[in-house]
Amino acid sequence: KGILTTTATNVLSINNPGTHSLVVNSPASNGFVNGPVRRSTASTGDYLLPTGKGSTYDPVQVRPSAATSSVYQAEYFGTAFSDLSSISPINGVSNQEYWEISTVSGVDAAIILTLTGSVPGAVASDAVVVVRYNGSDWVNFSTGGTLIQPGNSSSGSARSSVATINGFYTFGYGVAGTLPIRLLNFDARKISSGSAFITWSISSNSNAQHFEVLKSTDGRNFFTSGSINAQDRQFNYSFTDNNLQSGTSYYRLRMIDKNGLVSFSQT
């Protein structure tokens with residue numbers, strides 16, 4: 001064990017693209033990277049970047065949207081960001097920590113943050129989500145991801161939207177019912193030589209209006225394969241693609257909520 005101190009010009013790069021726990025072996029408060037760290041990926045699994053500062057270990061995970069060789073970088077800061085202003089539906093953000101995370105190369109990704117204690121200011125009726133600093137305010141970055149409830153939880157993980165990761169991220173909170181669609185799962189399975197069955201579920205506090213099933217043959221260029229209107233009090237949906245071709249097909253879900261916000265699932 002040991003704490004590795006890095007700098008912007010001397011970054012530790014973890015080049016093994018595997019997700020096995022031995023690639024990053026048992027990081028803890030006496031073994032993490034104090035400064036920026038990079039990690040190479042080659043799948044859609046969850047990749048842990050063992051970030052921390054001082055004597056605090058507080059990692060971030062990255063979930064790439066496609067099995068394309070990619071590199072992501074992260075650094076943890078165990079203090080309040082210089083600007084704590086936020087935009088509705090976010091009512092407040094953590095004043096204890098934040099991360100700087102970027103896509104060095106490769107595909108869009110979601111980030112996963114894990115609580116090590118409750119977020120100051122959040123109450124039980126809130127939900128805790130990943131938020132992003134847009135240059136002037138902290139904004140919701142969880143559309144299509146997952147949240148933590150109740151808001152005063154001291155443990156649990158929140159997953160962000162799938163996007164090009166570049167900037168500052170931390171935990172934010174808002175009244176649970178005001179936060180957008182929460183996608184619980186998304187799956188695609190081949191059911192015959194010419195058909196695939198796509199299923200997904202959303203949480204009971206989502207305000208979904210419409211879904212589009214997007215399809216691709218290369219994991220990058222997507223087109224609409226089908227669409228479904230959301231129904232009140234319906235949380236499980238499915239779609240059958242009867243135009244399955246030979247080779248690999250990739251699927252992604254485009255979600256539109258009643259406020260007009262658009263988000264995407266992982267591929």
Side-chain angles (χ1 to χ4, degrees), residues 44 46 48 58-63 65 74 81 84-99 101 108-134 137-163 165 167-187 199-211 230 232-237 252-266:
T44 56
D46 294 341
L48 186 144
D58 214 332
V60 61
Q61 294 181 80
V62 175
R63 180 182 294 179
S65 60
F81 191 73
L84 298 179
S85 61
S86 59
I87 294 178
S88 180
I90 302 301
N91 293 330
V93 301
S94 174
N95 62 358
Q96 297 180 329
E97 60 190 358
Y98 65 94
W99 289 259
I101 312 171
D108 291 354
I111 60 176
I112 302 169
L113 302 181
T114 301
L115 287 174
T116 57
S118 57
V119 178
V123 298
S125 58
D126 290 329
V128 174
V129 297
V130 178
V131 293
R132 177 181 63 86
Y133 189 66
N134 68 1
D137 297 286
W138 290 94
V139 296
N140 181 32
F141 194 56
S142 68
T143 308
T146 62
L147 46 78
I148 302 170
Q149 286 184 281
N152 59 355
S153 298
S154 59
S155 62
S157 297
R159 190 179 75 245
S160 77
S161 308
V162 175
I165 305 301
F168 300 100
Y169 304 85
T170 189
F171 292 106
Y173 59 88
V175 178
T178 66
L179 294 168
I181 302 169
R182 181 188 176 195
L183 184 66
L184 300 179
N185 57 69
F186 176 61
D187 188 44
T199 59
W200 64 96
S201 299
I202 60 175
S203 67
S204 59
N205 60 359
S206 296
N207 61 344
Q209 177 173 296
H210 186 72
F211 302 97
D232 288 340
R233 309 304 301 170
Q234 181 178 339
F235 311 118
N236 299 305
Y237 294 86
R252 195 176 186 184
L253 195 64
R254 184 174 186 262
M255 301 168 285
I256 302 94
D257 71 15
K258 293 178 181 178
N259 295 321
L261 293 176
V262 177
S263 61
F264 294 85
S265 72
Q266 71 174 106

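Starting from 1, each residue takes its place in the sequence as its number.
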Can you give me the closest heavy-atom contact between [X] and [Y], atom names plus distance?
| X | Y | answer |
| --- | --- | --- |
| Leu253 | Phe211 | CD2-CD2, 4.1 Å |
| Gly151 | Ala122 | O-CB, 3.3 Å |
| Leu113 | Phe171 | CB-CZ, 3.4 Å |
| Ala230 | Tyr237 | CA-OH, 3.4 Å |
| Ile90 | Gly172 | CG2-CA, 4.5 Å |
| Trp138 | Val93 | CB-CG1, 3.6 Å |

Just how far is it from atom [atom1] of [X] to atom [atom2] of [Y], taken to the nearest 0.5 Å?
| X | Y | atom1 | atom2 | answer |
| --- | --- | --- | --- | --- |
| Asp126 | Ile148 | CG | CD1 | 12.0 Å |
| Ser157 | Gln61 | OG | CD | 6.5 Å |
| Tyr173 | Ser153 | OH | OG | 14.5 Å |
| Asp108 | Arg252 | CG | CZ | 6.0 Å |
| Ile112 | Arg159 | CD1 | CZ | 6.5 Å |
| Ile165 | Arg63 | CD1 | CZ | 12.5 Å |

According to the interplanar angle, ranging from 0 to 90°, do the rings of Tyr98 and Phe168 count as parallel (below 30°), tilted (30 to 60°) or perpendicular (above 60°)? perpendicular
Report yes if some heavy atom in the side chain of Asn236 is under 4.5 Å from a heavy atom in the side chain of Thr199; otherwise report no. no
For the pair Ser201 (side chain) and Asn185 (backbone), establish whether a donor and an acceptor sit closer than 3.5 Å, ignoring hydrogens and angles. no
Can a side-chain donor-acceptor contact be found between Ser85 and Asp137 if the only test is distance below 3.5 angstrom? yes
